[in-house]
Each structure stands twice: as C-alpha cells, then as structure tokens.
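Note that the coordinates shown come from a computational prediction; the quantities given were computed from them, not determined experimentally. In what follows, every chain begins at residue 1, and chains take the letters A, B, ... in the order their sequences are listed.
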2 protein chains.
Amino acid sequence: MNNVQDESRRDRKKIARRVLLIEIGRRLIATKGLRSLKVRDVAEAAECSIGSVYNEFGDFDGLILTVNRETVQALTARLRAVPADDPVRQLHGLADAYLGFATERANLLRSLFEHRMEDDRPFPEDILAMVMEAFALMHAPLVRLLPDRDASDVALLSRMMFSAVHGIISLGLEERMVAVPPERLRERLAQFIDTHLAGLGVPRG
Amino acid sequence: MNNVQDESRRDRKKIARRVLLIEIGRRLIATKGLRSLKVRDVAEAAECSIGSVYNEFGDFDGLILTVNRETVQALTARLRAVPADDPVRQLHGLADAYLGFATERANLLRSLFEHRMEDDRPFPEDILAMVMEAFALMHAPLVRLLPDRDASDVALLSRMMFSAVHGIISLGLEERMVAVPPERLRERLAQFIDTHLAGLGVPRG
DNA sequence: ATTCATCTTGAACATTGTTCATTTTCGAGC
DNA sequence: GCTCGAAAATGAACAATGTTCAAGATGAAT
C-alpha cells in the first residue's frame, strides 16, 4: 500500500521486534549477567518463538554482539558528552564518566569485554574499532596538554592512560571482598590522573 | 597394607588422577580457551568417565576454579621471583613478569579474570584473596621509594599501579587489530611506570 | 575369603543452543 | 475482495553439553 521510503508495515513490525529483542537481551544481561542469558528466556519475554531470535540474529552470539555493540555506543556517547573546556578537567571527567558507566551497567560492560567467540571465529572488527575509538577519547585533551610531544607518542599515551583507568575501575569494582565504594574509586582515579600528568610534566592546575 | 601417613594406594591413585584432570583442564583452556572446555573432552583425554570428573570436583566449575587457583599461584610465584635489589628495577620487573605471563598463558589468565559463577553463587574468596595478594606485590618497592608517605596511602597506590598495569596489558594484548607486539608493550609499560614514579616525586634513576 | 566402604562407570536425564519443514502472514496484482 | 507468492514465524525435533545416580568394580581390613 503506502510505500514511503521503503517503510512498509512489515518492515516496521520487523524492526520493532528486533528492537524489543535487543532490549530484552540487554535487560537480562544487565540484571542477571551474561552467563545466565538463555535463548528461551529471551523468546519468552518477547512473546515470540525461539526461531524468531535466530531469524533476526543468525545465532545467539549475534544477539549478544548486538547488545555489546550498543553498549560501546552508549559508553562512547557518554564519554563524548564530557565537557572539553579545560583539558585536565576533561580527563577527570572521562574517568568519572567511565566509572559511572561501569558502576551503573557493570554486567553490560563485562559482557562487552568478557564475551569470547566460539572456537576460533573472529571477533567482529567493528566492535573492536568502536572500543578503540572510545579509548582514544583521551587523545584530544592530552594533545592540548602536551603540545610539544610527538603526535604518535601522544596517541600511545592516551590509549595507555585510558587502559590504565579501565584496569583500575574493572578491578576496583571486582574486589568484592574489600568492596571499594565508587566514591573512593573516584578519588583514587583523580589522584591517579593527577599523578600521571605531573609525571608527564604538566603543571598542576 | 602399608599405611605410611595415610598414603594408601587408593589415595595415591586418587591424587594422581586429580592432578591429571587438572593438567588436562589447564592444557585445554590454554590451547582452545575457556569457552571451548567441555567435560567430555576432559574425561576422554584422562581416559576416565564423566562421573569421575564430578566425583573429584563436584561440578564442572570446580575444575575450572581449581585450574584458576593454580594459575594465580603460578603468577604469584613468577612475580615473587623478581629481584628485589633496586625498587625501581623491581617495579619494572614486576610489570615485565606480568606481561610475560600474560603473553605465554593468555587464555589461562583470561580464564582467571573472566570466569563467572552461575546465577548468584559467590565467587570463591580464596581466589579473590590470592589475586589481591598478587596485586599487592608492588607495595614493598613503593614503600622503599616513598618512605615519607602514609602507609595506607602507599597500599592504595600499589594496588592502583598494578591494576593500571593489568589494564594496559590485557587491553594491549586484546587489540588484535593493531596487534601490539609484546616488545612494544614492554616499552610502553616501562615508560608508564617511569612517568608515574616521576609524578609521585621519585627522582629518576 | 568375606565384608564393607569407597570409588568408578556410563546410561539416562536436564538444560540449552540450533535447525528446518510446515504454517502463517501480508503486500501486490488482478 | 480474491489469489498468489515471497517472506516471516513457528515449534517440534535435533544436537551439544552439564549433571545425576543406580549398579558394578575395587581394595583395605578382618
């Protein structure tokens, strides 16, 4: 019938269902962890058959990878929203934003970093590229703080700094015994960044 | 018959099999990754029944956790073997040792950090404690380098520094696209530690 | 040799990912 | 409106894999 830019009724339904399945997958991973995610639970929650999940994503990994893809996109959006006025504040803001995301969506972030492909199937390159892109977001402020440094040097530095922040956060949130409260972690991260900047020769603000 | 300190023939056989199962589990995880580890593969390789694996470890997670326990022990042993002559060299040595371990036994280390319990079963406290202990090994050299700092402050600093090193290594080895060669990572880590020490006010050696 | 506790076995079961022949849906052309 | 065909949806059946347990095998003690 109406055929406004290829958006037939069928397509709309298909898209709506796809979105629903992704949302359910995300909710289940977020609440019960990746390991507890089952095809049947997803299908039941979406009130559709198991086969439909496979029609939409090829296999179960396809759904997981789609959720992970959106997770890294959400993370990137949040990181990009950090004000870029002052470079030092921006670096602190990026670490804070990452910590906030990791605290609020711990299981989703874990799914992104811990999911492995079966056997030796390759990990999707686009997800890797997006993660790398997110981890490169410390590059701009560092360029401003280190104008005399070699460009490729700063690129390495920025990824390294972000990887370090990632390690501190993921292990800090993991240590359930010590139960480091996020507020403490926030302080530690700020201290870490300041120390590192001082080591790089950036005068304290 | 002979009953020298409870070591009956039965016990010896039992222990030998347990060791065999653990070795097979470790080998399979190391070569094909945790996700590809199957009970039946382990039983077949050990030339015993599936049930015996369950007798020995309770459930399949039990075997994985035992392998992980030994992985963190091996890691700790390697880290403890780093010479403690000069504190700065020791810190570099610890990072190098960790990098070496992560390079040679990538899948085993991943298994240690990525394995999750089913549902909400608690993660074994002893493994967490051992990981924490390993991550505290930067404490001693840092105490020597920062004699005037508060003790608890240095404790935090050392764990943070090791967590950062962990993040740099695990992500550095992950980026299959860029394929950071371990030798490059080694240089980066050394640079990172030096920068951080400089930020902490340690005069360059 | 007998006995008994313990260990071992593997078939059966339970859970969960995957396939595919069949049925249903829905838009297009008449 | 009706018919037809392509696309989608279905869910039973299958495959892979974790788990249990009744029955048999083993070995230490007497």
Side-chain angles (χ1 to χ4, degrees), chain A residues 1-22 24-25 28-29 32-67 111 115-121, chain B residues 1-22 24-25 28-29 32-67 111 115-121:
Chain A
M1 207 174 237
N2 69 354
N3 193 12
V4 183
Q5 56 172 353
D6 281 350
E7 194 181 271
S8 68
R9 181 166 146 196
R10 216 175 216 166
D11 289 344
R12 261 181 286 134
K13 253 183 89 173
K14 188 173 168 57
I15 290 173
R17 165 122 98 202
R18 183 182 174 86
V19 169
L20 177 64
L21 285 171
I22 296 170
I24 287 169
L28 289 178
I29 293 177
K32 305 202 301 174
L34 177 60
R35 185 168 174 182
S36 301
L37 186 69
K38 315 288 163 169
V39 210
R40 282 168 176 77
D41 291 345
V42 174
E44 191 183 2
E47 293 180 310
C48 74
S49 69
I50 299 167
S52 294
V53 181
Y54 280 79
N55 280 346
E56 201 51 52
F57 300 101
D59 59 10
F60 199 41
D61 268 23
L63 172 56
I64 296 167
L65 291 173
T66 304
V67 171
S111 169
H115 179 64
R116 301 283 155 198
M117 306 304 283
E118 185 77 53
D119 295 319
D120 44 6
R121 285 221 296 233
Chain B
M1 208 171 239
N2 68 356
N3 193 12
V4 183
Q5 57 170 353
D6 281 349
E7 194 181 270
S8 66
R9 181 165 150 195
R10 217 176 215 168
D11 290 343
R12 259 180 290 131
K13 254 182 90 173
K14 188 173 170 55
I15 290 173
R17 166 126 94 196
R18 182 182 175 86
V19 169
L20 177 64
L21 286 171
I22 296 171
I24 288 169
L28 289 178
I29 293 177
K32 305 202 302 173
L34 177 59
R35 185 169 174 182
S36 300
L37 186 69
K38 315 288 165 172
V39 210
R40 282 168 177 76
D41 291 346
V42 173
E44 192 182 3
E47 293 180 309
C48 72
S49 70
I50 300 168
S52 293
V53 180
Y54 279 79
N55 280 345
E56 200 53 51
F57 299 101
D59 59 10
F60 199 40
D61 268 23
L63 172 57
I64 296 168
L65 291 173
T66 304
V67 171
S111 170
H115 179 63
R116 300 283 154 197
M117 306 305 282
E118 185 78 52
D119 295 319
D120 44 7
R121 284 222 294 237

J.: Find the distance B/Asp59:CG to D/dT17:C1' and express it as a whole number of Å.
T.: 14 Å
J.: Give A/Leu37 one of three labels, base, sugar-phosphate or nothing, depending on what nucleic acid heavy atoms sit under 4.0 Å from its own.
T.: sugar-phosphate
J.: Rounding to an integer number of Å, can you tell me how far B/Phe57 CZ sits from C/dT8 P?
T.: 12 Å
J.: From the options D/dG18, C/dT9, D/dA9, select the nucleotide whose nearest atom is closest to the side chain of B/Lys38.
T.: D/dG18
J.: Taking the nucleotide of DNA chain D with the closest heavy atom to each, which residue, A/Ser49 or A/Glu118, is nearer the 5' end?
T.: A/Ser49
J.: On DNA chain D, compare the nucleotides closest to A/Asn55 and A/Arg40; which residue's is nearer the 5' end?
T.: A/Asn55
J.: Rounded to the nearest angstrom, tell me the gap between atom CG in A/Leu20 and atom P in D/dA9.
T.: 12 Å
J.: Please determine if a side-chain N or O atom of A/Arg17 lies less than 4.0 Å away from the OP1 or OP2 oxygen of D/dT10.
T.: yes
J.: Can you give me the closest heavy-atom contact between A/Gly25 and A/Leu37, atom names plus distance?
T.: O-CD1, 4.1 Å
J.: Find the distance A/Glu44:CD to C/dT16:P and express it as a whole number of Å.
T.: 12 Å
J.: I need the CG-P distance between B/Asp119 and D/dT19, as an integer number of Å.
T.: 12 Å
J.: Rounded to whole Å, please give me the gap between CD in A/Glu56 and P in C/dT18.
T.: 16 Å
J.: Among the candidates D/dT10, C/dT25, D/dT19, find the nucleotide nearest to the side-chain atoms of A/Ser52.
T.: D/dT10
J.: Using a 4.0 Å heavy-atom cut-off across all strands, classify A/Tyr54 as base, sugar-phosphate, or nothing.
T.: base
J.: Look at A/Arg121 together with A/Asp59 and state whether they make a salt bridge at an N to O cut-off of under 4.0 Å.
T.: yes
J.: Nearest whole angstrom, please: distance from the P of D/dT10 to the NZ of A/Lys14.
T.: 12 Å
J.: List the atom of A/Val53, the atom of A/Ala43, and the distance in Å for their closest heavy-atom pair.
T.: CG2-CB, 4.2 Å
J.: Would you call A/Leu28 and A/Lys38 a side-chain contact if the rule is heavy atoms closer than 4.5 Å?
T.: no
J.: So, is A/Lys13 near the phosphate of D/dA9, with a side-chain N or O under 4.0 Å from OP1 or OP2?
T.: no
J.: To the nearest angstrom, how far is B/Phe60 atom CZ from C/dT16 atom C1'?
T.: 16 Å
J.: With the threshold set at 4.0 Å, does a side-chain nitrogen-carboxylate oxygen contact exist between A/Arg35 and B/Glu118?
T.: yes
